[in-house]
Amino acid sequence: MTATNSEVFTLWITGTLLFVMMSFFIIGFVLQYRRRQLLNEKQRKERELIFQQEMLEIQAEIRNQSLNYVARELHDNIGQLASYLKMQVELYLRKLPEEQASPLEEIREQSQNLIDQIRGLSRGLNSNNLARFGLPEMLRLEIDRFNRLEGPKIIYQEGFLPQELDAEVSIFIYRVFQEIMNNSLKHSGADEIQVSIGLVHDAINLNVMDDGKGFDSAELHEGSGLMNLKDRCELIGAQLNIESKKGGGATFLVKLPI
Amino acid sequence: MPFKLSYILDVFLAHLTGLHYLLFGASLMGLTLLPWLSKSCNRIVPFLLVWSLSDILALFTAIIFKNNSPIFHAYSLVGTAFILSYYYPQLKNLPYMRSVFWWGMIGYFLIWLVNLLYFQPPSIFPSNTIMFSCVLILFFVLMSFKYMLDHPIEESIFVQAQFWFNTGILIFYSSSFLYFFFESFLQKIGQYPIYLLHVIRYPNIIWIICIIIGMLGDLGVLSYKKTES
């Protein structure tokens, strides 16, 4: 190889090296970019999840406060009006001869019934009562209230529940229970609803089973009340399993790890 | 006879290479697609036009005056300004980058002027200024790559025009730098290897192909959607 050829050869080598280096640079860039894209995607999803959780908490808080407000209004306002009505009826009853009192007796009884219903509903809606009475007692009271309504018979079984449950957990379980019960009472057409609650393997299990007309659980679509409830459960780390088929009743199982 | 228009055109057409056709094709493509290209992508089109125009003028002046170096003197300044103006909107918000752009451009102009007056007059090819322009442009390309890494978007990198432009510019300008860095050395070699003159064409072709791919990517031609079975 002559000197000239060797110099040209050196140039070719230099050029080739440059291209190899550039290739490595570009491949390295593409890989690094992909890594950053994935990282970004992960962070974006985390941010979305946090945002959804915060929104959920805000929604739950607003809902809770609204229900508490309605409960107070029921108790302090409508309940008082019902009590006044009953007192007025009793006043007239005292003035009327016994033979004419019968229709008013009926009104008095219905007024008492109305007052009881308002008190029960007010107590059920007010989550502050959870702190006062505890979750098991509130569930029992709510079951009693449902049983007093003209509707399916509700059988309640209570397993072991921790004495000191976190307030947020209690409120969550209680509201989910109310939502599932309202759903069953409204739509299932059941004759009997079995409710059980208890601690199983570090998770609170709430089971609601009805013998109503059922539905195809595979046909539940996004945006429906039950799917929203399911999403809300998942966002706080709980699980809601819904099993149902047409004509075969429905079973709702909520598992909330504590 | 040598200045007869038909003669000039004949010689001009005879000297047009595949590279020229590729460049004119890319420019035509850029002009045609201008309304559909994104704002960040269509900034490359003026540069393509300047490049095409300078190549046409370089061919004509080579035919008529037997020397096209003055065109390259002008192109080394205008082309650099157009490339920098391509990167300016993307990088201007980075710290100090506005100052770097303006001082870089002013500094480059001074180097260009000094080189023109004292080292490589208009009759000599401006390899010195082209080398400086390569360094300046490579700096902004690397900054652009860094910017892309710091601001990744969901879209695949392979359909982003910016990636293809940067890749093409990186390949072409680093090759050009190396080429002109060794040019004086090459001239000194007794038998000037004529094929080395053509070496720089290949990065040039790669760059134009990268620009075309970038424009196609920007139009969404290269992206695909997964079909659900």
Side-chain angles (χ1 to χ4, degrees), chain A residues 1-55 216-224 227-228 230-231 234-235, chain B residues 134 138 141-160 162-203 205-207 210 213 217:
Chain A
M1 196 182 272
T2 64
T4 306
N5 280 345
S6 112
E7 280 159 350
V8 172
F9 179 72
T10 312
L11 281 180
W12 273 113
I13 291 290
T14 315
T16 311
L17 272 177
L18 177 80
F19 270 88
V20 170
M21 275 164 58
M22 272 190 300
S23 306
F24 273 114
F25 176 84
I26 290 163
I27 292 167
F29 172 80
V30 169
L31 293 176
Q32 183 70 0
Y33 192 84
R34 184 74 195 129
R35 202 178 69 82
R36 297 255 176 122
Q37 271 181 325
L38 292 173
L39 192 72
N40 239 23
E41 181 69 12
K42 195 178 154 199
Q43 285 173 343
R44 191 179 61 80
K45 280 185 181 162
E46 280 172 2
R47 278 198 301 270
E48 271 178 14
L49 194 68
I50 290 169
F51 176 75
Q52 279 180 339
Q53 277 174 335
E54 282 174 358
M55 285 301 290
D216 188 353
S217 51
E219 284 177 6
L220 281 176
H221 56 87
E222 286 298 324
S224 67
M227 282 308 276
N228 284 344
K230 199 169 182 172
D231 290 343
E234 278 169 13
L235 273 170
Chain B
C134 289
L138 284 172
V141 171
L142 292 176
M143 290 306 292
S144 176
F145 271 126
K146 187 180 176 302
Y147 181 87
M148 287 179 81
L149 272 185
D150 292 341
H151 304 86
I153 55 173
E154 272 181 53
E155 214 174 16
S156 164
I157 187 84
F158 299 114
V159 297
Q160 290 182 41
Q162 185 73 64
F163 168 72
W164 289 107
F165 295 166
N166 282 355
T167 303
I169 291 173
L170 179 76
I171 290 170
F172 177 68
Y173 280 92
S174 44
S175 311
S176 293
F177 178 80
L178 195 73
Y179 180 80
F180 288 113
F181 187 76
F182 283 113
E183 200 213 18
S184 53
F185 164 73
L186 289 167
Q187 298 280 8
K188 276 191 280 180
I189 296 171
Q191 284 181 314
Y192 188 78
I194 194 72
Y195 58 85
L196 279 181
L197 276 175
H198 302 295
V199 165
I200 200 67
R201 286 186 179 176
Y202 298 108
I205 290 169
I206 292 172
W207 186 20
C210 282
I213 296 173

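The chains referred to below are lettered A, B, ... by the order of the sequence lines, with proteins before strands, and numbering in each begins at 1. All values reported here derive from a predicted model rather than from experimental measurement.
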* What part of Ser23(A) is in contact with chain B, defined as an atom under 4.5 angstrom from a non-hydrogen atom: side chain, backbone, both or neither? -> neither

* To do: Name the region of Ser175(B), side chain, backbone, both or neither, that has any atom closer than 4.5 Å to a heavy atom of chain A.
  => both

* To do: Name the option with the most non-hydrogen atom pairs under 4.5 Å to chain A; the candidates are Leu178(B), Ile157(B), Thr167(B).
  => Ile157(B)

* To do: Would you give the length of the straight line joining atom CZ of Phe172(B) to atom CE of Met22(A), rounded to the nearest 0.5 angstrom?
  => 11.5 Å

* **Proximal component of Leu170(B), with respect to chain A [non-hydrogen, under 4.5 Å]** => both

* Contacting moiety of Asp150(B), where chain A heavy atoms sit under 4.5 Å -> both

* With side chains defined as the heavy atoms from C-beta onward, is the minimum distance between Leu18(A) and Tyr179(B) less than 4.5 Å? -> no

* Given Phe29(A) and Asn166(B), is the side chain to side chain contact (heavy atoms under 4.5 Å, CB included) satisfied, shown in steps? -> CA-CA 11 Å; Phe29(A) 172 80; Asn166(B) 282 355; over 6 Å; no

* For Tyr33(A) and Ile153(B), run side chain to side chain contact (heavy atoms under 4.5 Å, CB included): C-alpha distance rounded to whole Å, both residues' side-chain angles, the deciding distance at 0.1 Å, then the answer. => CA-CA 9 Å; Tyr33(A) 192 84; Ile153(B) 55 173; 3.5 Å; yes

* **Heavy-atom closest pair, residues Gln32(A) and Leu149(B)** => CG-CD2, 3.5 Å

* Taking only residues two or more places apart in sequence or in another chain, which ones pass ring pair (Phe, Tyr, Trp, His ring centres under 6.0 Å) with Phe25(A)? -> Phe145(B)

* Which residues, numbered in order, of residues 36-52 of chain A come under 4.5 angstrom of chain B by heavy-atom distance? -> Arg36(A), Gln37(A), Asn40(A), Glu41(A), Arg44(A)

